[in-house]
Asks: 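Provided herewith is a single structure, encoded as structure tokens, for subsequent inquiry.
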Amino acid sequence: WGDPTFQADDNLPGCNSLIVSGTATIDGKTISTQSQHTPHEALCYQEAYVLKPDKGNIVWTVGNLPSTSGLLLINNKGVSIAHHFGGATNPKSLEYPGGPYLSSAFGVPWLNVFLYAAVNADTAKEAIDLITVGPKEYRDRTGRASLLRDGGWNWMVADSSTMAVVEVT
């Protein structure tokens with residue numbers, strides 16, 4: 001949460017992810033993981049969920065009970081998407097050079113983007129496009145060139161051939 005030169009005032013911990021592939025794994029397959037660090041984590045039971053929509057990919061996750069979305073979704077096509085909160089608006093972000101930087105805005109909520117991408121992306125590249133540009137139907141209806149999100153987020157997206165860190169602000 002922050003870095004050595006820019007510490008968040010509240011000192012809350014952040015989440016982290018790891019994606020490894022190739023010679024970093026025994027069989028060369030891609031492995032993706034995410035850990036959620038919040039003040040509530042130790043107080044919550046974890047439960048696995050499998051989402052089976054009428055159309056699209058089957059998606060599974062482990063999340064805090066009774067949440068139906070953890071911060072890592074994996075679909076039956078092998079696409080994994082880990083979500084990380086992009087930070088909090090605070091006095092430092094408001095005064096930082098080039099700012100003010102705000103962490104929230106009007107737009108599509110992160111959970112909707114997260115679930116939509118996991119259900120509809122067959123590859124990591126498709127997931128990245130859905131997270132950043134948005135679905136074609138959305139762009140056609142809104143006239144926007146890209147997805148208007150409700151804040152700044154960080155994502156780790158992977159499949160068997162792609163590993164990417166995606167920051168959207």
Asks: Treating Ile, Leu, Val, Met, Phe, Trp and Tyr as nodes and any side-chain heavy-atom pair under 4.5 angstrom as an edge, say whether L115 and I131 lie in one connected cluster.
Replies: yes
Asks: For atom CG of D54, decide whether the heavy atoms of other residues, nucleotides or ligands shown that lie under 6.0 angstrom number more than 12.
Replies: no
Asks: Examine W155 together with F114 and report whether their ring centres are nearer than 6.0 Å.
Replies: yes
Asks: Same cluster or not: are V119 and V133 linked, directly or through other Ile, Leu, Val, Met, Phe, Trp or Tyr residues, by side-chain heavy atoms under 4.5 angstrom apart?
Replies: no
Asks: Write down the atom of T162, the atom of A124, and the distance for their closest heavy-atom approach.
Replies: CB-CB, 3.8 Å
Asks: I'd like to check V113 versus D150 (side-chain heavy atoms, cut-off strictly below 4.5 Å). Are they in contact?
Replies: no
Asks: For the residue pair S80 and L72, establish whether any side-chain heavy-atom pair is separated by less than 4.5 Å.
Replies: yes
Asks: Between L71 and L111, is there a shared hydrophobic cluster once you connect ILVMFWY residues whose side-chain heavy atoms come closer than 4.5 Å?
Replies: yes
Asks: One pair to check against side-chain contact (heavy atoms from CB on, under 4.5 Å): L147 and V108. What are the steps and the verdict?
Replies: CA-CA 8 Å; L147 183 66; V108 181; 3.9 Å; yes
Asks: Tell me, with the steps shown, if M163 and S21 meet side-chain contact (heavy atoms from CB on, under 4.5 Å).
Replies: CA-CA 9 Å; M163 297 183 290; S21 188; 3.8 Å; yes
Asks: How many angstroms lie between atom OG1 of T30 and atom CD1 of I19, to the nearest 0.5 angstrom?
Replies: 8.0 Å
Asks: Report yes if the side chains of V166 and N154 come closer than 4.5 Å at any heavy-atom pair, otherwise no.
Replies: no
Asks: Working to the nearest 0.5 Å, report the span between CG of D159 and OG1 of T123.
Replies: 6.0 Å
Asks: List the steps, then state whether side-chain contact (heavy atoms from CB on, under 4.5 Å) holds for W60 with L51.
Replies: CA-CA 6 Å; W60 58 92; L51 310 172; over 6 Å; no
Asks: State yes or no: do V157 and W153 share one hydrophobic cluster built from I, L, V, M, F, W and Y residues joined by side-chain heavy-atom distances below 4.5 Å, directly or via other members?
Replies: yes
Asks: Looking at I81 and A127, what are the two nearest heavy atoms and their distance?
Replies: CD1-CB, 3.9 Å
Asks: Is there a side-chain contact between T142 and L148 in this structure, where contact means two heavy atoms from C-beta onward sitting under 4.5 Å apart?
Replies: no
Asks: How about W110 and R149: do any of their side-chain heavy atoms sit closer than 4.5 Å?
Replies: no
Asks: Closest heavy-atom contact between R139 and R144?
Replies: CB-O, 3.4 Å
Asks: Taking the side chain from N75 and the backbone from K77, do they hold a donor-acceptor pair closer than 3.5 Å?
Replies: yes
Asks: List in chain and number order the residues that pass side chain to side chain donor-acceptor pair (under 3.5 Å) with K125, two or more places apart in sequence or in another chain; answer none if no residue qualifies.
Replies: D129
Asks: Please identify each residue that fulfils side chain to side chain contact (heavy atoms under 4.5 Å, CB included) with N120, with sequence neighbours left out.
Replies: Y116, L130
Asks: Could you grab the distance from atom NZ of K52 to atom CG of N57, nearest 0.5 Å is fine?
Replies: 13.5 Å
Asks: Look at the side-chain heavy atoms of Ile, Leu, Val, Met, Phe, Trp and Tyr, link any pair under 4.5 Å apart, and say whether I74 and V50 land in one connected group.
Replies: yes
